[in-house]
Amino acid sequence: KPQQTELSMADLEQLERLKQGVEAWNEWRKGSPGVKVDLSESNLHEINLKKVNLAGANLCKTYFRSTDLEEANLEDAVLIAADFSLVRLNNALLRRTNFREANLSGAILRDADLEEAKLVGACLRKATLVGAKMNGADLRLASVSEADLVFVHLCEAKLTEVNFSQADLYGADLSRADLAGANFRRTQAQATNFTGANFTGACIKDWNINSQTKLDDVECDYIYLEYPDQERRPSDPNRNFEPGEFTKLFQEARNTFDLILHNGINWRAFAFAFNETNTKVIDEYGDRLFLRGYELLGDGMVKLKISYPEGTNRQKYQNLLEDNYELLKENKGLLKENIRLQVKNYENMLSLPGQVTVIGNNNLVDTRNINTGGGSYYETINTGGGNYIQGNYVNMSQDLTEAAGQIQELLTQLQKTGVTVETAQEQVATDLANQAKSDPTVMGKLVGWGQTLANKAGETTVSEAVKAVVPMALKMLGIPL
């Protein structure tokens, strides 16, 4: 294709010929195959150019605003810095077209063919690209914020640092696309295919994915939960995700439902209702529910975020959990009987020690092993402005006598920093209470320790300082001994 300068002026004779009508223009082009078309810097505002043949034309800085280019042929055309805002390009042939830094905001490109098109730095804000074919296209640094990209084809596209904020990518194919540094803030990505894509450095603040979103074989060293480049995950700047870790974490986190409880929460009732429901889920699916976090909504409302195994009948077990909780909350006698019969069952359901868990406001759970000499480490970050808690925690799989040694060691370490015994006890009790709030199995273990102290206090070989910590943690949770 002959090289065309970006600074050339329009051929006035060609411009007048185009204004005579598409049919005459296309006939002229058919009979003049070797003529170079130059309409750069022209004003084609509101002209009807349906099915026009502008293949290979120089259209740099041309003003097309509100023009109808439906089914037009712009293959191999050069449209650098052209203004296509509000233009209709439905079913247009735009293969390999150069739209660098062009303004396509609000343009309608439904089912358009943009294979291998160059849209570097282009603005497609609020554009409609439903079903558009854009495989292999180059959109680096482009903005498609608030655009309708439903079922768009962007396989192997270059999408580094593209702004997808508030765009709708439902059912889109971005497999093997390069999404490094892309902004997915509040993006709708249900049923989107990201298989084999590169997510390194992307921001996923408040994006919306579901169980149909494909994240298999995603390449990702790290991501951000806040824009721009804030709240890195993994939070350690010297650590990157292991191969497949990003995919695994999101597969665990995307299958979640919110359980809204009114008038506060009875943690004892919830712990046993959760256990009863999990027994049935495990029997049917061989996997279990997990409590990922909770949020106080005000007016006594509590939102619990719970994940469920892939393929689970979510509604069935959500309803069962709600019914079990309401039954135990209202029937105190039944709750006491559950406590007596089930408290030992919690010991078999506790998570292994030596884990780090990070829970952010995008439901991302980042887990890695840390050697803490037998204890466990738990870190919670609420990126919505809540608390940040970290430290060495007690191995909750032990009985009270074994755990007492770790509790005493933590108390001693804190006192060496200059805090009082009372302050150290309060800190460790707060740590235990925070673990219990995030995991009903830990809640059950803590209740069991409290009962051991209440019923067999004279038989335990536990220091007075340790004896003060467990009741204090239970009190923080509103659970009396």
Side-chain angles (χ1 to χ4, degrees), residues 209-213 215 244-261 265-295 302-329 335 338-339 341-360 362-369 376-380 393 395-398 434-448 477:
I209 61 176
N210 63 4
S211 58
Q212 283 76 51
T213 303
L215 292 161
E245 186 178 3
F246 173 86
T247 299
K248 181 180 179 182
L249 296 174
F250 269 95
Q251 284 176 336
E252 293 174 354
R254 66 189 177 183
N255 297 327
T256 63
F257 63 83
D258 293 336
L259 187 64
I260 307 297
L261 303 177
I265 179 171
N266 182 324
W267 280 108
R268 277 189 175 184
F270 178 76
F272 292 116
F274 196 80
N275 180 58
E276 179 68 23
T277 306
N278 250 333
T279 299
K280 297 186 183 303
V281 175
I282 292 168
D283 287 345
E284 185 170 353
Y285 297 98
D287 206 345
R288 56 172 296 193
L289 306 175
F290 285 93
L291 176 63
R292 295 298 181 188
Y294 77 99
E295 181 182 352
V302 179
K303 179 171 75 174
L304 304 172
K305 187 163 290 292
I306 297 167
S307 63
Y308 55 90
E310 189 79 33
T312 304
N313 186 331
R314 179 194 64 78
Q315 194 61 54
K316 171 184 174 181
Y317 287 104
Q318 181 176 346
N319 293 341
L320 180 60
L321 177 56
E322 291 174 344
D323 293 343
N324 284 341
Y325 171 71
E326 291 298 327
L327 180 63
L328 288 169
K329 185 181 71 170
L335 177 57
N338 271 270
I339 292 173
L341 295 175
Q342 298 182 24
V343 70
K344 289 186 178 181
N345 292 340
Y346 281 104
E347 297 176 8
N348 300 323
M349 296 176 61
L350 296 174
S351 302
L352 293 173
Q355 300 286 321
V356 171
T357 302
V358 179
I359 301 177
N362 288 274
N363 308 322
L364 173 63
V365 180
D366 162 21
T367 306
R368 56 189 181 275
N369 291 324
S376 60
Y377 184 102
Y378 187 91
E379 171 184 83
T380 298
Y393 285 76
N395 183 346
M396 298 297 287
S397 64
Q398 306 173 106
N434 281 318
Q435 287 188 82
K437 288 177 181 178
S438 300
D439 190 337
T441 61
V442 174
M443 178 76 73
K445 191 69 176 182
L446 193 58
V447 170
L477 294 166

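Residue numbers start at 1 and run along the sequence shown.
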Engineer: Closest heavy-atom contact between Thr213 and Ile209?
Structural biologist: OG1-CB, 3.5 Å

Engineer: Please find the pair of heavy atoms, one from Asp287 and one from Val281, that lie closest to each other, and give the distance.
Structural biologist: O-CG1, 3.3 Å

Engineer: Testing the basics here: between Tyr317 and Lys280, what is the closest heavy-atom pair and its distance to 0.1 Å?
Structural biologist: OH-O, 3.7 Å

Engineer: Kindly compute the distance separating CG (Asn278) from CG (Leu289), expressed to the nearest 0.5 Å.
Structural biologist: 4.5 Å

Engineer: Using the side-chain contact (heavy atoms from CB on, under 4.5 Å) rule, take Asn313 and Tyr285 through it: C-alpha gap first, then chi angles, then the decisive distance, then the call.
Structural biologist: CA-CA 10 Å; Asn313 186 331; Tyr285 297 98; 3.7 Å; yes

Engineer: Of all residues at least two apart in sequence or in a different chain, which pass the side-chain contact (heavy atoms from CB on, under 4.5 Å) check with Asp323?
Structural biologist: none

Engineer: Hey, could you give me the CD/CG distance between Gln315 and Leu320, rounded to the nearest 0.5 Å?
Structural biologist: 11.5 Å

Engineer: How far does CZ of Arg314 sit from CZ of Phe257, to the nearest 0.5 angstrom?
Structural biologist: 7.5 Å

Engineer: If I take atom CZ from residue Arg288 and atom OG1 from residue Thr277, how far apart are they, to the nearest 0.5 angstrom?
Structural biologist: 11.5 Å

Engineer: Considering all heavy atoms of both residues, which atom of Leu321 and which atom of Ile306 are nearest to each other, and what is their separation?
Structural biologist: CD2-CD1, 3.5 Å

Engineer: On a heavy-atom basis, which atom in Leu259 and which in Phe270 lie closest, and how many Å separate them?
Structural biologist: CD2-CE1, 4.1 Å

Engineer: Within this structure, what is the CG-NZ distance for the pair Asp258 and Lys305, rounded to the nearest 0.5 Å?
Structural biologist: 3.5 Å

Engineer: Yes or no on side-chain contact (heavy atoms from CB on, under 4.5 Å) for Tyr325 and Ile265, after CA distance, side-chain angles and deciding distance?
Structural biologist: CA-CA 10 Å; Tyr325 171 71; Ile265 179 171; 3.9 Å; yes

Engineer: Under the side-chain hydrogen bond (donor to acceptor under 3.5 Å, both in side chains) rule, collect the residues that match up with Lys316, sequence neighbours excluded.
Structural biologist: Glu284

